[in-house]
Amino acid sequence: MKFSQRIQAVEDSRTVRFTALIARLRREGREVIDFAVGEPHFETPPEIIAATRGALEAGETRYGPVGGLPELRERLSGLFEGYGPENILITNGSKQGLFTIFQTICDPGDEVILPSPCWVSFTEQIRLAGGTPVLVPTRDHQLDLDAIARAVTPNTIAILINSPNNPTGAVYPGRTLGEIVQLVRKHNLYLISDEAYRDFVYDDQPPVNLFDDPEIRDQLLVVRSFSKEYSMTGFRIGYVAASRPMIQALAKLQSHLTGNVCTFAQYGALAASVLDPEQIQARRKELARKRELAWGYASSLFPCVRPGGAFYLFPEVLKHCRKNETAEDFAGRLLDETGVAVVPGEAFGGPGHIRISYALPEDLLITGFERIADALGGKGGLV
Ligand code: GLU
């Protein structure tokens with residue numbers, strides 16, 4: 001069977017693979033505590049469900065405009081001073097927004113700088129667009145500005161920043177982001193800001209909005225998601241905010257790729273966009289508490305940087321690995337012996353680590369960590 005070189009050059013998504021694995025194990029009767037999937041456990045707010053159902057009943061079941069529901073684009077553009085609906089493209093999740101961006105800006109040989117570890121799909125999406133991902137290691141999960149500056153070559157076209165970060169939970173301070181903006185301006189690059197976790201920042205850090213710097217706007221592409229903030233992962237709604245010519249170019253591709261995003265789902269997103277911010281604040285508070293709980297457990301077992309946002313921990317597990325064992329082997333053993341699923345760090349270019357998602361009910365969080373602690377203490381045979 002023939003497959004293109006393009007598809008042979010990439011791996012399937014290892015995070016998505018875990019969702020399927022856990023579903024299969026559960027079907028087989030295994031009890032699994034899911035620390036793997038990056039999906040908040042909160043219910044989708046009823047206002048969103050009602051608006052989606054209302055749209056279905058009102059017959060919003062046909063094709064819609066490629067760029068998205070005009071009311072939704074209008075509302076979202078209000079988050080970006082000076083922008084209008086033409087600066088917003090609604091996409092099938094931020095994942096497709098990013099895919100569309102790489103297809104639109106990359107030519108063969110173009111390099112995109114990615115601070116690493118990083119989300120599993122960035123590298124593969126860049127490769128699928130013919131570009132080259134250039135991984136620049138972070139230090140204690142924070143950006144290494146000198147290393148990023150050294151990684152810029154005449155082939156560099158963009159730097160991608162993801163704060164709060166998946167998989168580490170790191171939040172980058174304004175000063176650091178300011179330096180990145182300077183670098184992007186100096187070399188006339190694009191700055192892609194993946195803000196899927198923007199509402200999950202737990203410490204009193206002043207919020208950093210790259211868009212606030214007017215000097216960078218023509219080079220900036222902001223990618224956001226409804227998935228995590230409103231527990232709408234299955235709706236598949238995200239968006240890109242960028243200059244008008246960029247949005248036009250992205251929409252040109254989208255017109256051939258997906259056409260519009262699911263029409264009635266966009267009414268759900270519209271309802272989400274007017275939800276009482278108190279609801280999000282309450283979720284943030286709950287996740288902040290769980291961050292403390294999970295980090296307390298994890299740091300008693302592994303070296304683990306305290307994350308400032310998202311809902312992930314990224315501990316180093318080497319001291320618990322057997323001779324020649326990788327984090328992937330360790331994660332497999334953990335699943336077999338404790339029923340707790342985590343994602344091995346190799347998926348994110350962070351060997352020797354595992355990713356733990358703590359966005360789940362407290363009783364499961366505690367049971368999962370106690371099982372891991374028991375196993376690492378010898379009872380479960382993991383030592
Ligand atoms: N982004 C989430 C994760 O990292 C969901 C799966 C995916 O799309 O990668 O687990």
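Order of appearance sets the numbers: ligands from 1, and atoms from 1 within every ligand. Computed from heavy atoms alone, side chains included, the values below leave out hydrogens, waters and symmetry copies. Predicted model, so just to flag it, every value in this text is computed and none were measured.
Counting protein heavy atoms only, atom 6 (C) of ligand 1 is closest to Thr15 OG1, 3.6 Å.
A salt bridge does not link Arg371 to Glu337: none of the charged side-chain nitrogens sits closer than 4.0 Å to a carboxylate oxygen. Note on Glu215 versus Arg185: salt bridge recorded, some NZ/NE/NH1/NH2 to OD/OE distance being below 4.0 Å. Using a cutoff of 4.0 Å between basic side-chain nitrogens and carboxylate oxygens, Glu11 and Arg17 are scored as salt-bridged.
Atoms of ligand 1 found under 4.0 Å from any heavy atom of Trp119 (numbered from 1 in listed order, with element): 1 (N), 4 (O), 7 (C), 8 (O), 9 (O). Within the listing of ligand 1, atoms 7 (C), 8 (O) sit less than 4.0 angstrom from a heavy atom of Lys95. Interface of Lys228 with ligand 1, defined as ligand atoms under 4.0 Å from a residue heavy atom, comprises 1 (N), 2 (C), 5 (C). Here is the list of ligand 1 atoms found below 4.0 Å of a heavy atom in Asn166: 1 (N), 3 (C), 4 (O).
Cation-pi geometry between Arg217 and Phe211 is met: under 6.0 angstrom from the ring centre, within 45 degrees of the axis. For the pair Arg224 and Tyr239, the NZ or CZ position fails the cation-pi test of under 6.0 Å to the six-membered ring centre and within 45 degrees of the ring normal.
The shortest N or O to N or O distance between Ser121 and ligand 1 is not below 3.5 Å. Taking any N or O of Gly38, backbone or side chain, at least one lies under 3.5 Å from an N or O belonging to ligand 1.
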Evaluate the ring-ring contact (aromatic ring centres under 6.0 Å, His included) criterion for residues Phe42 and Tyr230: first the C-alpha distance (whole Å), next the side-chain angles of each, then the deciding distance (0.1 Å), finally the verdict.
CA-CA 8 Å; Phe42 302 114; Tyr230 302 105; over 10 Å; no
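Distances shorter than 4.0 angstrom occur between a heavy atom of Arg355 and an atom of ligand 1. The closest approach between Arg14 and ligand 1 stays at or above 4.0 Å for every heavy atom of the residue.
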Let me check something: any side-chain donor-acceptor pairs from residues 240-249 under 3.5 Å, sequence neighbours excluded? List them with distances.
unit_1 : atom_1 : unit_2 : atom_2 : d
Ser243 : OG     : Met246 : N      : 3.4
Arg244 : NH2    : Glu86  : OE1    : 3.3

